[in-house]
S.K.: 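Let me begin by handing over the structure; questions about it come next.
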Amino acid sequence: MTPPSPADQAADYLRTRAPFRPPVGIVLGSGLGGYAEQPPARVSFPYRNIPGFPPCSVEGHAGRLVFRDQFGTGVVLMQGRLHRYEGHSWETISRPIRILARLGVTTLILTCAAGGLGDTTPGDLLLIEDHLNLMGDNPLIGWTEGVPSGASRFLEMGEAYDRDLLSLAERVGRESALTLRRGVLAGMTGPSFETPAEAAMLHRLGAHAANMSVVPEVLVARACGLRVLGVAVITNRAGTRVHQTTAHQEVLARAEQSLPSVARLLDGLLAQLKLTR
Ligand code: HPA
C-alpha cells in the first residue's frame with residue numbers, strides 16, 4: 001500500500017478536528033489576513049501544527065487555517081499562502097489548494113495584492129476574468145497524485161474564472177457601493193518586481209495587473225474541479241520606482257487600506273452563496 005501523501009495526511013488531520021466540511025475556501029493575500037480576525041468566532045489551526053501542510057514564511061502572512069460559519073455558510077480561510085519565490089516547489093505551493101479540495105471545498109475565492117498596469121491604479125479592486133501564465137512553468141506537469149478520477153491531463157482553461165461567480169461579485173459590488181473592475185492578471189514568479197519595460201510589455205499583451213501567487217493556485221484548483229473567483233487588490237503601479245527596502249511594506253500597507261472594501265465584498269458573497277447554494 002502506498003503511504004498517504006502529505007496532502008492526504010493534512011486532510012485526514014483536519015477532517016477529524018475541523019468543526020464542519022467547508023464548501024467555501026478563501027485564500028487571503030498579502031495584507032488581507034485581517035479578514036480572518038473578524039467575527040464570527042472561529043477554530044484555527046497554525047499551518048505548522050498540521051502534518052503535511054507546508055510552512056509559510058513571508059512577512060504579512062500569518063500561516064493559519066481558520067474555520068468559521070458565516071451567514072450559514074461553512075468557510076475555511078487560509079491566512080497566508082506560499083509562493084514560488086520562497087524557493088518552494090510547484091507541488092508545495094499548490095498543496096494547500098489540494099488539501100482544501102479534499103476537505104470538501106467546491107468554491108474557492110482567491111484574493112491577492114497585485115501591481116496595476118495601464119489605467120489600473122492603487123486602490124482599485126480587480127475581479128480576475130482571465131490570466132496569462134508567465135511563470136515559465138506549470139504546477140500540473142507530471143502531476144498524478146490526487147488527480148480526481150476521470151480528470152484529463154489536458155485541463156481545459158476556456159473559462160477558468162467562473163462566470164456566475166464573476167456576475168455574483170459584480171452584483172454584490174453594486175449592492176455594497178464598491179467599484180469593481182474586471183481584468184486579466186499576469187502571473188509572474190517574482191520576487192523582483194517588473195521593470196518599466198516589462199510592465200509596458202505586460203500591458204501590451206493584454207494584462208491589467210501583475211501578481212506572484214494566484215495563477216498556479218487557479219491551475220490546481222481547476223484540475224481539482226473547484227469553481228474559482230479571483231479578486232486582486234491593486235497596491236502599486238507595476239514597473240514604477242518604489243524605495244527598495246520598503247516595496248513589500250508598501251504593498252502590505254496599501255492592501256490593508258483596502259481590507260474594509262474586500263471584507264464587504266467577501267461578506268456579501270458569502271451571504272449570497274448561502275442563498276444560492
Ligand atoms: N508586481 C508583481 N506582483 C505584485 C506587485 C507588482 O507590482 N504588487 C503586488 N504584487
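Quantities reported herein were computed from a predicted structural model and do not represent experimental measurements.
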S.K.: May I ask you to test the L229-L269 pair for a side-chain heavy-atom distance under 4.5 Å?
M.R.: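 Yes, their side chains come closer than 4.5 Å.
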
S.K.: Is it the case that one hydrophobic cluster holds both V215 and M201, taking links as side-chain heavy atoms less than 4.5 Å apart, direct or via other members?
M.R.: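 Shared cluster, no.
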
S.K.: Find out whether V105 and I97 are in side-chain contact, i.e. whether some heavy atom of one side chain is under 4.5 Å from a heavy atom of the other.
M.R.: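 Heavy-atom side-chain distance check fails, nothing below 4.5 Å.
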
S.K.: Counting distance only, does the side-chain N/O of S89 pair as donor-acceptor with the main-chain N or O of T92 below 3.5 Å?
M.R.: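 Answer holds: yes.
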
S.K.: Among the clusters formed by ILVMFWY side chains lying less than 4.5 Å apart, do I93 and L108 turn up in the same one?
M.R.: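 As far as the 4.5 Å side-chain criterion goes, L108 and I93 are connected within one cluster.
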
S.K.: Heavy atoms, side chains only, cut-off 4.5 Å: are D162 and V228 in contact?
M.R.: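 A side-chain contact under 4.5 Å is absent here.
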
S.K.: Any donor and acceptor pair, going by atom type alone, linking the side chain of R98 with main-chain N or O of E91 inside 3.5 Å?
M.R.: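 Yes; at least one donor-acceptor contact below 3.5 Å.
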
S.K.: Quick one: are I234 and R181 in side-chain contact, heavy atoms under 4.5 Å?
M.R.: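 No; the side chains remain at least 4.5 Å from each other.
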
S.K.: Can a donor-acceptor pair be found, under 3.5 Å and without considering hydrogens, that links the side chain of N133 to the backbone of D137?
M.R.: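 Yes; judged by distance alone, with no hydrogens or angles, the pair exists.
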
S.K.: For H208, is there any backbone N or O sitting under 3.5 Å from a side-chain donor or acceptor partner on T120?
M.R.: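 Answer holds: yes.
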
S.K.: So if you build clusters from Ile, Leu, Val, Met, Phe, Trp, Tyr with side-chain heavy-atom gaps below 4.5 Å, do L205 and V214 land together?
M.R.: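 Hydrophobic grouping puts L205 apart from V214.
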
S.K.: Has R64 got a side-chain atom pairing as donor or acceptor with F45's backbone, closer than 3.5 angstrom?
M.R.: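 Not at all, since once roles are kept as given, no pair shorter than 3.5 Å links the two residues.
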
S.K.: Is V76 reachable from I99 through a run of I, L, V, M, F, W or Y residues, each pair having side-chain heavy atoms under 4.5 Å apart?
M.R.: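 I99 clusters together with V76.
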
S.K.: For the pair Y47 and F53, name the ring-plane relationship: parallel under 30°, tilted 30 to 60°, perpendicular over 60°.
M.R.: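 Parallel.
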
S.K.: Answer yes or no: is there an ion pair linking E175 with R171, defined by an N-O contact shorter than 4.0 Å?
M.R.: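 The answer is yes: the pair qualifies as a salt bridge.
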
S.K.: Check this for me, if you would: do D12 and R15 make a salt bridge, where the nitrogen-to-carboxylate-oxygen distance has to be below 4.0 angstrom?
M.R.: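 A salt bridge is present here (some side-chain N lies under 4.0 Å from a carboxylate O).
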
S.K.: Using a 3.5 Å distance criterion without hydrogens, assess whether the side chain of N211 forms a donor-acceptor pair with backbone atoms of S213.
M.R.: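 Indeed, once roles are kept as given, a pair shorter than 3.5 Å links the two residues.
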
S.K.: Tell me if a side-chain donor or acceptor on S176 pairs with a main-chain N or O of L265 at a distance below 3.5 Å.
M.R.: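 No, the answer is negative, given that no donor and acceptor are paired below the 3.5 Å cut-off.
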
S.K.: Backbone N or O of L65 within a donor-acceptor pair of the S44 side chain at under 3.5 Å?
M.R.: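 No; zero donor-acceptor contacts below 3.5 Å.
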
S.K.: Quick one: does E86's side chain have a donor or acceptor within less than 3.5 Å of a partner on H88's backbone?
M.R.: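 No, the answer is negative, given that no donor and acceptor are paired below the 3.5 Å cut-off.
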
S.K.: Quick one: are E37 and V66 in side-chain contact, heavy atoms under 4.5 Å?
M.R.: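 Heavy-atom side-chain distance check fails, nothing below 4.5 Å.
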
S.K.: Test of understanding: clusters of I, L, V, M, F, W, Y form through side-chain heavy atoms closer than 4.5 Å, transitively. Do L14 and L226 belong to the same one?
M.R.: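 Yes, same cluster.
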
S.K.: Under 4.5 Å between any side-chain heavy atoms of N138 and L140, yes or no?
M.R.: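 They are in contact (side-chain heavy atoms under 4.5 Å apart), so the answer is yes.
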
S.K.: If the threshold is 4.0 Å, N to carboxylate O, is there a salt bridge linking E250 and R254?
M.R.: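 No, no charged N to carboxylate O under 4.0 Å.
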
S.K.: Is there side-chain contact between R227 and T106, with at least one heavy-atom pair below 4.5 Å?
M.R.: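 No. Closest side-chain heavy atoms not under 4.5 Å.
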
S.K.: Please answer whether the main-chain N or O of G52 pairs with a side-chain N or O of R95 as donor and acceptor at a distance below 3.5 Å.
M.R.: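 Yes; judged by distance alone, with no hydrogens or angles, the pair exists.
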
S.K.: Would you say M157 and D130 make side-chain contact, with heavy atoms under 4.5 Å?
M.R.: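 Counting from C-beta outward, M157 and D130 never come under 4.5 Å.
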
